[in-house]
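Below is one structure, written out as structure tokens, with a few remarks after it.
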Amino acid sequence: MRTRVGIVGAGPAGLMLSHLLHLAGIDTVVVERRSRAAIEATIRAGVLEQGTVDLMRRTGLGARLDHLGLVHRGFELRFAGAGHRIDLEALTGGRVITVYAQHEVLKDLIAARLAAGGDLRFEAEDTRIEGIEGDAPVIRFRHQGQETVLDCDFIAGCDGFHGVCRSAIPEASRTEHLRIYPFAWFGILAEAPPSSEELIYASHPRGFALVSTRSATVQRLYFQCSPHERAESFGDQRIWDELASRVSGPGFTLRTGRIFQKSVIPMRSFVCEPMRHGRLFLAGDAAHTVPPTGAKGLNLAIADVYLLARALIDYYENGRTFGLDAYSATALRRVWRTQHFSWWMTSMLHRFEEAGEFDRRRQLAELDLVTGTVAGARLLAENYAGLPLD
Ligand code: FAD
Ligand code: DHB
């Protein structure tokens, strides 16, 4: 079997890359370990930047997004008992965010690829990549009991943090930067009406909490917990009490309801450099992970493949390798900017066990800076709403 670009992983990065290349007439095969049903049911991120939304609309993926997505023109930072609105739209000259769950994006991408006759191999086993240093790389995998060899011009490693592609780069040729945070997020989905019209990021002496939403009837909430916490060991009442104590504020009532999903999300910052080795290109979580505080993981994955798709299209249409050669350095510039922003949001809003009184006062002063000055608020808003894709 042969294709031009073999893609490992049907997450946001792999599927969007396949979609963008298809629109330019370039064929791909996507090899994915999990089933379609599992992918479409996994709860992850929920905030789309303006650039991600624009790209989805521009490439024919806007219908359900425009119907179900919730446009948010600002969000709230809550600390020391008071709320402060960050007016994204006014501070950025019109950029906003859209709350639309990651698995809805994946449903849209999978439907679009299949409708266009795209080749998606779900439930592939034992995927390996070979020959990336030569000019005939291959992806080997077992599919429906059959050993398959996929010959490619290029391989895109879009297989997430735990995938196999990154480790195909010899250790001597890559550098990995890792920071593990001493806390995690406890995330829930609950059947309840929204507590707030906009997202609330709360910094409280007991720890961070986040009030987000999915629809008029389903809410997404998070709170900082121990990285060793087990989702099942937290009772529902204790979860609501913990959330209520952290997001309390004048005139605010947390709306509660049946909790139907609980998970503990680890927090790490990770970068692998470079993002290319020979004919292998890494994109998305395969190359980098951010803590979820800035809601950047999914958006950064999309930004990578937007860049990679343009480079591949330029190669196939014009024979130019400039974009492919520049891919790693260009992508890494955004990656490190986003790493900084996600680390900054995390450090500004979370409780650090070892922090003394000086650190806590400094944290409050920083929150005061980003809510009390136009320059501070704009810095936060521009980065939160996202850098333009181009
Ligand atoms: P992924 O979405 O991880 O996709 C990789 C795909 O590759 C997967 O489908 C996987 O099954 C497949 N794969 C892996 N190994 C193989 C293999 N050997 N062979 C074939 N296929 C393989 N970000 C936020 O911004 N906000 C959040 O609230 C948030 N919550 C998260 C919660 C969880 C539990 C996790 C894990 C991540 C969360 N993230 C969040 C991060 C965000 O979801 C990711 O940044 C985003 O999914 C990255 O997309 P990706 O396509 O690069 O990788
Ligand atoms: C959501 C996730 C985030 O990481 C974030 O910063 C804001 C919202 C969400 O899942 O809704």
Side-chain angles (χ1 to χ4, degrees), residues 6-18 30-36 38-40 42-49 52 70 72 75 97-103 105-106 109-110 120-129 139-143 156-168 184-189 194 198-201 208-215 218-222 231 261-268 270 282-305 338 341-342 345-346 349 384 386:
I7 299 174
V8 185
L15 288 168
M16 181 59 91
L17 180 63
S18 175
V30 181
V31 180
E32 164 61 46
R33 192 183 50 190
R34 294 186 301 156
S35 69
R36 178 181 180 185
I39 287 173
E40 293 187 345
T42 303
I43 307 300
R44 284 194 177 176
V47 170
L48 305 187
E49 292 176 359
T52 303
L70 305 169
H72 286 213
F75 68 92
I97 55 150
T98 301
V99 177
Y100 187 62
Q102 175 165 331
H103 65 280
V105 176
L106 294 179
L109 280 163
I110 291 170
L120 310 181
R121 305 291 172 107
F122 294 107
E123 298 176 68
E125 295 171 284
D126 199 15
T127 306
R128 289 143 290 155
I129 65 173
I139 304 178
R140 292 180 193 275
F141 58 100
R142 198 162 52 251
H143 191 243
C158 302
D159 50 349
F161 183 71
H162 299 287
V164 294
C165 289
R166 186 173 65 245
S167 55
W185 277 14
F186 198 106
I188 63 163
L189 282 169
E198 295 182 336
L199 270 58
I200 303 173
Y201 288 79
F208 170 78
L210 169 58
V211 178
S212 182
T213 184
R214 285 294 178 268
S215 69
V218 173
Q219 308 314 315
R220 181 77 163 137
L221 299 108
Y222 301 93
Q261 203 261 356
K262 301 179 189 176
S263 58
V264 174
I265 299 148
M267 307 267 283
R268 57 171 96 82
F270 172 77
L282 298 178
D285 275 21
H288 43 72
T289 331
V290 288
T293 324
K296 293 291 173 216
L298 162 63
N299 295 292
L300 192 54
I302 297 293
D304 282 354
V305 296
T338 308
F341 177 70
S342 302
M345 284 277 279
T346 302
L349 289 162
Y384 187 82

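In this chain, numbering begins with 1 at the start of the sequence shown. Order of appearance sets the numbers: ligands from 1, and atoms from 1 within every ligand. No hydrogens, no waters, no symmetry mates; every other heavy atom, side chains included, goes into these values.
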**Asked** Taking N or O atoms only and a 3.5 Å limit, does R33 qualify as a polar contact for ligand 1?
**Response** yes
**Asked** Between V105 and L15, is a side chain to side chain contact (heavy atoms under 4.5 Å, CB included) present by the stated rule, with each step listed?
**Response** CA-CA 10 Å; V105 176; L15 288 168; over 6 Å; no
**Asked** Given side chains that start at C-beta, do those of M267 and T293 come closer than 4.5 Å, heavy atoms only?
**Response** yes
**Check against side chain to side chain contact (heavy atoms under 4.5 Å, CB included), V31 and H143** = CA-CA 9 Å; V31 180; H143 191 243; over 6 Å; no
**Message:** At less than 4.0 angstrom from any non-hydrogen atom of V164, what atoms of ligand 1 do you find?
**Reply:** 18 (N)
**Numbering as shown, the atoms of ligand 1 that approach A13 to under 4.0 Å (heavy-atom distance)** = 51 (O), 52 (O)
**Asked** Does at least one non-hydrogen atom of T293 fall below 4.0 angstrom from an atom of ligand 2?
**Response** yes
**Request:** Look at atom 9 (O) of ligand 1 and find which of R121, M16, H288, E32 reaches it with the closest heavy atom.
**Result:** E32
**Request:** From atom 7 (C) of ligand 2, work out which of Y222, F75, Y201, W185 has a heavy atom at the shortest distance.
**Result:** Y201
**Message:** Show me which atoms of ligand 2 lie under 4.0 Å from any heavy atom of A295.
**Reply:** 3 (C), 4 (O), 5 (C), 6 (O)
**Request:** Using the side chain to side chain contact (heavy atoms under 4.5 Å, CB included) rule, take T52 and L298 through it: C-alpha gap first, then chi angles, then the decisive distance, then the call.
**Result:** CA-CA 9 Å; T52 303; L298 162 63; 5.6 Å; no
**Request:** Would you check the N or O atoms of R34, main chain and side chain alike, for any that come under 3.5 Å of an N or O of ligand 1?
**Result:** yes
**Request:** Starting from atom 8 (C) of ligand 2, locate the nearest protein heavy atom and write down its residue, its atom name and how far away it is, to 0.1 Å.
**Result:** V47 CG2, 3.4 Å
**Item:** Under 4.0 Å to a heavy atom of G9 - the qualifying atoms of ligand 1, by number
**Value:** 6 (C), 7 (O), 12 (C)
**Request:** Work out whether the distance between some heavy atom of R214 and some atom of ligand 2 is less than 4.0 Å.
**Result:** yes
**Prompt:** Should Y222 be listed as contacting ligand 1, given a heavy-atom distance under 4.0 Å as the test?
**Reply:** yes
**Interatomic spacing from CG in D159 to CD1 in I7 - rounded to 0.5 Å** = 11.5 Å
**Asked** Which atoms of ligand 1 are found less than 4.0 Å from any heavy atom of K296?
**Response** 25 (O)
**Request:** Tell me, please: is A295 in heavy-atom contact with ligand 1, that is, under 4.0 Å?
**Result:** yes
**Option whose closest heavy atom lies nearest to atom 39 (N) of ligand 1, chosen from A38, G294, A45, A283** = A45
**Complete:** Taking only non-hydrogen atoms of V8 and a 4.0 Å limit, the atoms of ligand 1 in range are 19 (N), 20 (C)
**Asked** At a 4.0 Å threshold, what atoms of ligand 2 neighbour a non-hydrogen atom of L199?
**Response** 7 (C), 8 (C)
**Request:** Compare all side-chain heavy atoms of T42 with those of R34 and state whether any distance is below 4.5 angstrom.
**Result:** yes
**Complete:** Counting from 1 in the order shown, the ligand 1 atoms closer than 4.0 Å to a non-hydrogen atom of L298 are 45 (O)
**Asked** For atom 16 (C) of ligand 1, which protein heavy atom lies nearest, and how many Å away is it?
**Response** D159 CB, 3.9 Å
**Item:** Distance (rounded to the nearest 0.5 Å) between L48 CG and I97 CD1
**Value:** 9.0 Å
**Request:** Could you grab the distance from atom NE2 of H288 to atom CG of D304, nearest 0.5 Å is fine?
**Result:** 3.5 Å
**Request:** With atom 42 (C) of ligand 1 as the reference point, say which of Q102, E123, H103 has the nearest heavy atom.
**Result:** Q102
**Prompt:** Are any of the N/O atoms in A45 less than 3.5 Å from those in ligand 2?
**Reply:** no
**Fill in**
for atom 4 (O) of ligand 1, nearest protein heavy atom and its distance come out as G11 CA, 3.4 Å
**Request:** Would you indicate whether the side-chain heavy atoms of I43 and R220 approach each other to under 4.5 Å?
**Result:** yes
**Message:** Any heavy-atom pair between the side chains of F270 and D285 that's under 4.5 Å?
**Reply:** no
**Complete:** Of V305, V30, I110, L109, the one forming a side-chain contact (heavy atoms from CB on, under 4.5 Å) with S18 is V30
**Asked** Can you list the steps and then say if H103 with I39 is a side chain to side chain contact (heavy atoms under 4.5 Å, CB included)?
**Response** CA-CA 7 Å; H103 65 280; I39 287 173; over 6 Å; no
**Request:** Using distance alone, decide if ligand 1 has a nitrogen or oxygen within less than 3.5 Å of any nitrogen or oxygen in G297.
**Result:** yes
**Options R44, E125, E49, ranked by nearest heavy atom to atom 37 (C) of ligand 1, top entry** = R44
**Asked** Under 4.0 Å from any heavy atom of G163, which atoms of ligand 1 are there?
**Response** 15 (N)
**Candidate with minimal heavy-atom separation from atom 48 (C) of ligand 1, of V290, L15, N299, D285** = D285
**Fill in**
The option among S212, G297, G187 carrying the non-hydrogen atom nearest to atom 11 (O) of ligand 2 is S212
**R166 charged N/C atom sitting above F161 aromatic ring, 6.0 Å / 45°** = yes
**Item:** Sidechain-backbone polar pair: D126 side chain, R142 backbone, donor-acceptor under 3.5 Å
**Value:** no
**Request:** Identify the protein heavy atom lying closest to atom 3 (C) of ligand 2, giving its residue, its atom name and the separation to 0.1 Å.
**Result:** P292 O, 3.7 Å
**Asked** Got a second to check how far S212's OG is from L189's CG, nearest 0.5 Å?
**Response** 9.5 Å
**Asked** For ligand 1, is C158 a contact, meaning one of its heavy atoms is under 4.0 Å away?
**Response** yes
**Residue pair E32 / L120, side-chain heavy-atom distance below 4.5 Å** = no
**Fill in**
Separation between OG1 (T127) and CZ (R121), nearest 0.5 Å, reads 12.0 Å
**Request:** Run the numbers for me: atoms of ligand 1, each under 4.0 Å from some heavy atom of T127, listed by number.
**Result:** 19 (N), 20 (C)
**Prompt:** Can you tell me how far the CZ atom of F75 sits from the CG atom of L199, to the nearest 0.5 Å?
**Reply:** 8.5 Å
**Request:** Answer yes or no for P12: is there a heavy-atom contact with ligand 1 below 4.0 Å?
**Result:** yes
